[in-house]
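The basis for the numbers below is simple: all heavy atoms, side chains too, and nothing from hydrogens, waters or symmetry mates. Just so it is clear, the model here is predicted, and its values are computed rather than measured.
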Amino acid sequence: QPRSRGLGDVYKRQIVNIMRNWNGVIYMTASPLGLESLINSLTQPIHMYKKLSILDTFIDIFNIPIYIASTDMSSFGSNTVCLTQNICNFNENLLNNYVGLLLQAFYYCGIYDALIKLATTTEEGSEINKKSKFLLKKIMYLSSYLLPEVPHFPSPVSYTHLRAHETEA
């Protein structure tokens, strides 16, 4: 098993490297055997260490330092040089656009439903429970700033409402 763990780390790094460029995100999202398959496997009955490895991979993919700019120009620091106010719009930089593309790809492939299911059906306080909640919070936080048109709460609210009715029955 140590060898398979090492192999898993190699695969994890490969997936992260693929998802770190625009073409890789499009490629992994276009194929049903790509990102969608990985996300769907989080809700399937597979070994817990595999689910943890997938969650760790997703966390690494979103481990990108981005700057969510405020409207206060004085908060940008003295080393930021702007020629005009129109050019210096930090909300529209390429890194934020890339993270927006990542968020759209994950949303399209069903990440919200998978993470909510993991967060609500696993034992409270377990490692997989904590990681799924952490990733869900991170994705929702980034989405609220970078993708205002993506519905962030209808899916979680409907799922928890459905779970409440299942426990009553």
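Within a 6.0 Å radius of NZ in K138, other residues, nucleotides and ligands contribute more than 12 heavy atoms. Surrounding CD of Q44 are more than 12 heavy atoms belonging to other residues, nucleotides or ligands, all under 6.0 Å away.
With rounding to the nearest 0.5 Å, the separation of CG in L135 from CD1 in I111 is 5.5 Å. Note: T120 OG1 to L115 CG = 10.5 Å, rounded to the nearest 0.5 Å. Separating the OH atom in Y107 from the OH atom in Y112 is a distance of 7.5 Å, to the nearest 0.5 Å. Annotation: the span from I18 atom CD1 to L35 atom CG amounts to 11.0 Å, rounded to 0.5 Å. Note that CG of L146 and CD of Q104 are 10.5 Å apart. Values are rounded to the nearest 0.5 Å. The CD1 atom of I139 sits 12.0 Å away from atom OG of S144, with the distance rounded to the nearest 0.5 Å.
For the pair N40 and C109, the tightest heavy-atom approach, listed with the atom from each and the gap, is OD1-O, 4.5 Å. Across V25 and A105, no two heavy atoms sit closer than the pair CG1-CB, 3.8 Å. Heavy atoms only, all atoms of each residue included: I128 and T122 are closest at CG2-CG2, 3.6 Å.
Hydrophobic clustering keeps I116 apart from Y108 (ILVMFWY residues linked when any side-chain heavy atoms are closer than 4.5 Å, directly or through intermediates). Taken together through direct or relayed side-chain contacts under 4.5 Å among Ile, Leu, Val, Met, Phe, Trp and Tyr, M19 and I26 form parts of separate hydrophobic clusters.
Looking at S41, its side chain does come within 3.5 Å of a backbone N or O of L38 through a donor-acceptor pair. A distance-only check finds no donor-acceptor pair linking the side chain of S53 to the backbone of Y49 [under 3.5 Å]. At distances below 3.5 Å, not a single donor-acceptor pair connects side-chain atoms of N63 with backbone N or O atoms of I59.
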Next on the checklist: Pair I64, L102 - check side-chain contact (heavy atoms from CB on, under 4.5 Å), show working.
Outcome noted: CA-CA 11 Å; I64 300 170; L102 264 181; 4.0 Å; yes
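F58 has its ring centre no less than 6.0 Å from the ring centre of F62.
No side-chain heavy atom of K131 sits less than 4.5 Å from a side-chain heavy atom of L118.
Screening D60, I61, L55 against T57 for a side-chain contact (heavy atoms from CB on, under 4.5 Å) leaves a single residue, I61.
Not counting sequence neighbours, the partners of K133 by the side-chain hydrogen bond (donor to acceptor under 3.5 Å, both in side chains) test are E124, N129.
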